[in-house]
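A short write-up of the structure that comes next.
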Amino acid sequence: MEQQIRVRFAPSPTGYLHIGGARTALFNWLYAKHHGGTFVLRVEDTDLQRSTKEYEKAIPQGMKWLDMLWDEGIEMGGDYGPYRQTERIGLYRQYAQELIDKGYAYKCYCSPEELEAERNACLERGEDMPRYSGRCRELTLEQQAELEAEGRKPVIRFKVPENKQIVIHDSVRGDVIFDSSTIGGDFIIMKSDGMAAYNFAVVIDDALMKMTHVIRGEDHISNTPKQILIYEALGFALPQFAHISMILGKDRTKLSKRHGHTAVDKYETEGYLPEAIFNFLALLGWSPEGTEEILTKDQLIEQFSLERVAKNPAVFDVDKLKWMNNHYLREADLDRVTRLSLPHLVEAGFLDSEEIEDKKFNWLKGIVDLVRERVGCLKELPKEVKLFFTDEFGFETEEAEVIMQEETAPTVVRLFMQKLKELEMLEPPAIKKIFKAITKETGLKGKQVFMPVRVALTGQMHGPDMPEMICILGREKALQRMDRTLHSDKL
RNA sequence: GGCCCUAUGGUCAAGCGGUUAAGACACCGCCCUUUCACGGCGGUAACGGGGGUUCAAGUCCCCCUAGGGUCACCA
């Protein structure tokens, strides 16, 4: 019987769900699902200053949007709770005391100012890495009492052994070796506010929550030796580590706000489908065995493995995301896409409100269906559908103007208008027939027929399928628009 | 700067000693639809440099270079 896999995503609620965080969560999620394991969501809110309830809500929200649900954790409960670090403080204190009792840790009374001065001194001496001197290591009980009488609040530091090799057996990187003397000296495990420090809390939680694998960003790899030291001191079994590389921006630095949108909810508001983000993120740093890149959730679960996770960082390519989103946009249920389009149409001023009656909604559906294959995200919709909402237009480009200046252009447009007027039923096939007839009658080439009509209708040289477009526009409007172009003072 | 990681086209990437070095996005061309788009077909484009090891190196080793990460009472 295979060991029950347990993995977790452990964000700190100091910001919205980030693309990088979402990818880390996704890899954990896929790994758990692939092995029939458990995916835990834990909140690391030990930074009392920066953690907020708002963010703590935003992160699960983002995960739900991506349809990446957790089996255990906040909002969900489970056998290893609580799942919020601020609620686990008793545990941390207990284990910190155990470390002190066993001689692995000690109280340190240095003030932030003193430490700052010490760091600066290190730097001035030309040392490459500032490290804590360990001056409080040998304090006697009396000295500690004295310091405390001064009103000093201690932190608890872990004693880092000298010249000890610490090796991380990493699933994606292989063995990574650190020397204990390069990790910065005795580090803090309990802060003076009584809260556990990150490197301590993760270990206690991961161990107590029985995590079998810790899959997280590469930015945590330099913390890992510290954590391993704690695992060993407490006699906890090590989880299997897997450090996945960073997601980079166009300039090849770690993805951040500077690179545009990094919060997952931004992608939601810009009109990306969660299944597109899901699929795209899965392919960032992992690749399937086959060549197919459009993969369903089930396919991803089935195919995912840590062995195929890439070691090198990946640049986030919005163009490819748009291509993929476009694919899902076309595939998605039309009612859903139309509903998601509403806010963008309101934003553009084409709609007063998202509350619209069925008749208008159905009309909108036709429009959305006509243009959804042309956009990478719904935010791009307004410029594609503008012609259905306003009759104000001019020649979009000089090229378009030139089309109308063509000798045969006005003739073609007039001919088209006339035939459109005579039409009994306004429907796409009938309009198609008109184009055919004009081509035949005039002997002109397709382009010389279609283009003038398109430009006369929209001022543009590109746009959605014309027969469909004209039907949605309606006969009167179409005629009016063409007539206006014909009388443009630019001609 | 110290420590750690990484290095195949512009981007994502396959490759795990012997290949004409996949595929995708983007770009370009052709075809299709008598327009635009979709779609189909094709094209441009890569193993950072230098040493080894080997009959054979994109694949293994070393050095250099470049990029990234990290050095807090933040996580």
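Note that the coordinates shown come from a computational prediction; the quantities given were computed from them, not determined experimentally.
For the pair A:Val43 and A:Gln85, the minimum side-chain heavy-atom distance is 4.5 Å or more. Under the 4.5 Å side-chain criterion, counting only non-hydrogen atoms from C-beta, A:Thr485 is in contact with A:Phe393.
Heavy atoms of A:Gly126 sit nowhere under 4.0 angstrom from any nucleic acid atom. Contact annotation for A:Val155: base contact, defined as any heavy-atom pair under 4.0 Å involving a base atom. Across all strands, A:Thr439 comes closer than 4.0 Å to base atoms (heavy-atom distances). As judged by a 4.0 angstrom heavy-atom cut-off over every strand, A:Met190 is placed among residues making no nucleic acid contact. In this structure, A:Met451 reaches the sugar-phosphate backbone alone: every heavy-atom distance under 4.0 Å involves primed, P, OP1 or OP2 atoms, never a base. In this structure, A:Gly184 reaches neither bases nor backbone, as no heavy-atom distance under 4.0 Å exists between it and the strands shown. Residue A:Ile177 is in sugar-phosphate contact alone, with no base atom involved, counting any heavy-atom pair closer than 4.0 Å across all strands shown. If you check every strand for non-hydrogen atoms under 4.0 Å, A:Leu321 touches nothing. Note on A:Asp45: nothing from the nucleic acid sits closer than 4.0 angstrom, heavy atoms only. The residue A:Phe178 sits close only to the backbone: its heavy atoms come under 4.0 Å of sugar-phosphate atoms, none of a base. Using a 4.0 Å heavy-atom distance criterion, A:Thr253 is classed as a sugar-phosphate-only contact. Nucleic acid contact class of A:Cys122 (heavy atoms, under 4.0 Å, all strands): none.
With RNA chain B read from its 5' end, the first of the two nearest nucleotides for A:Ser222 and A:Val176 is the one closest to A:Val176. Sequence order on RNA chain B of the closest nucleotides to A:Ser111 and A:Gly290 puts A:Gly290 first from the 5' end.
Nearest to the side-chain atoms of A:Arg119 among the listed nucleotides B:rC36, B:rA72, B:rA75 stands B:rA72. Closest to the side chain of A:Thr46, from the set B:rC74, B:rA72, B:rA75, is B:rA75. The side chain of A:Leu115 approaches B:rC73 more closely than any other nucleotide in the set B:rC73, B:rA75, B:rG2. The listed nucleotides are B:rG23, B:rU6, B:rC4; the one nearest the side chain of A:Lys311 is B:rU6. Of the candidate nucleotides B:rC74, B:rC4, B:rC36, B:rC74 has the atom lying nearest to any side-chain atom of A:Arg50. Here the side chain of A:Asn312 is nearest to one of B:rC73, B:rA13, B:rG68, namely B:rA13. Among the nucleotides B:rG67, B:rU35, B:rC38, the one closest to any side-chain atom of A:Arg454 is B:rU35. For A:Ala314, taking side-chain heavy atoms from C-beta onward, the closest of the listed nucleotides B:rC36, B:rA75, B:rA13 is B:rA13. Checking B:rG2, B:rU35, B:rC74 against every side-chain atom of A:Asp128, the shortest atom distance belongs to B:rG2. Of the candidate nucleotides B:rC74, B:rU35, B:rG69, B:rG69 has the atom lying nearest to any side-chain atom of A:Met246.
If you take CG of A:Asn199 and P of B:rC73, they are 11 Å apart, rounded to a whole angstrom. In this structure, A:Ile188 atom CD1 and B:rA75 atom P are separated by 10 Å, rounded to whole Å. As a whole-Å value, the separation of A:Lys445 NZ from B:rU35 P is 11 Å. The interatomic distance linking A:Asn120 (CG) with B:rC71 (C1') rounds to 14 Å, in whole Å. Counting to the nearest Å, the P atom of B:rU70 and the CG atom of A:Leu248 are 11 Å from each other. Between the C1' atom of B:rC74 and the CG atom of A:Asp193 lies a distance of 12 Å, rounded to the nearest Å. Across the protein-nucleic acid pair, A:Lys250 atom NZ and B:rU11 atom C1' stand 6 Å apart, rounded to whole Å. Here B:rG2 presents its C1' atom at 11 Å from CD of A:Glu127, a figure rounded to the nearest Å.
As the counterpart of B:rA14, no nucleotide is assigned, since no Watson-Crick or G-U wobble pattern has both distances under 3.5 Å. In a base pair of the Watson-Crick type (N1 to N3 plus N6-O4 or O6-N4) or a G-U wobble (N1-O2 and O6-N3), with each distance short of 3.5 Å, B:rU53 is matched with no nucleotide. With a cut-off of 3.5 Å on both Watson-Crick or G-U wobble distances, the partner of B:rC71 is given as B:rG1. The base-pairing partner of B:rC38, taking Watson-Crick or G-U wobble contacts with both distances under 3.5 Å, does not exist among the strands shown.
Straight-line distance between the C1' atoms of B:rG50 and B:rA66: roughly 15 Å, to the nearest whole Å. Rounded to a whole angstrom, the distance from the C1' atom of B:rA13 to that of B:rA72 is 37 Å. Taking atom P in both B:rA22 and B:rG29, one finds a spacing of 24 Å when rounded to whole Å.
Between A:Tyr267 and A:His261, the ring planes are perpendicular. Angles over 60° get that label, and only those under 30° would be called parallel.
The cationic atom of A:Arg308 (NZ for Lys, CZ for Arg) does not lie both less than 6.0 Å from the six-membered ring centre of A:Phe304 and within 45° of the ring axis.
Other residues, nucleotides and ligands contribute only 12 or fewer heavy atoms inside 6.0 Å of the CD atom of A:Glu398. Shown here is A:Lys365, whose NZ atom has more than 12 heavy atoms of other residues, nucleotides or ligands within 6.0 Å. Atom CD of A:Glu302 has 12 or fewer neighbouring heavy atoms from other residues, nucleotides or ligands inside a 6.0 Å radius.
Side-chain atoms of A:Ser171 never come within 3.5 Å of backbone atoms of A:Ala242 as a donor-acceptor pair (strictly under, hydrogens ignored). A distance-only check finds a donor-acceptor pair linking the side chain of A:Gln240 to the backbone of A:His169 [under 3.5 Å].
Taking side-chain N and O atoms only, A:Arg252 has a distance below 4.0 Å to OP1 or OP2 of B:rU11. The phosphate of B:rA75 has OP1 or OP2 within less than 4.0 Å of a side-chain N or O from A:Lys191. OP1 or OP2 of B:rA14 lies within a sub-4.0 Å distance of a side-chain N or O belonging to A:Ser287. At the phosphate of B:rG15, OP1 or OP2 sits under 4.0 Å from a side-chain N or O atom of A:Arg308.
For RNA chain B, the neighbouring residues in residues 322-330 of chain A, judged by any heavy atom under 4.0 Å, are A:Trp323, A:Arg330. Only at 4.0 angstrom or more do the heavy atoms of residues 409-420 of chain A sit from any atom of RNA chain B, so none qualifies.
Contact of A:Asn223 with B:rA75 (side chain to base): a donor-acceptor pair of N or O atoms is detected under 3.5 Å. A donor-acceptor contact under 3.5 Å is formed by the side chain of A:Ser192 with the base of B:rC73.
The line from CD of A:Glu468 to NZ of A:Lys432 is 9.0 Å long, rounded to the nearest 0.5 Å.
In this structure, the ring of A:Tyr272 has its center no less than 6.0 angstrom from the ring center of A:Tyr328. A ring-centre distance under 6.0 Å is found for A:Phe316 and A:Phe280. Residues A:Tyr198 and A:His220 bring their aromatic ring centres within 6.0 Å.
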Next on the checklist: For A:Leu321 and A:Ile277: C-alpha separation, side-chain torsions, deciding distance, then whether side-chain contact (heavy atoms from CB on, under 4.5 Å) applies.
Outcome noted: CA-CA 7 Å; A:Leu321 206 212; A:Ile277 302 282; 4.1 Å; yes

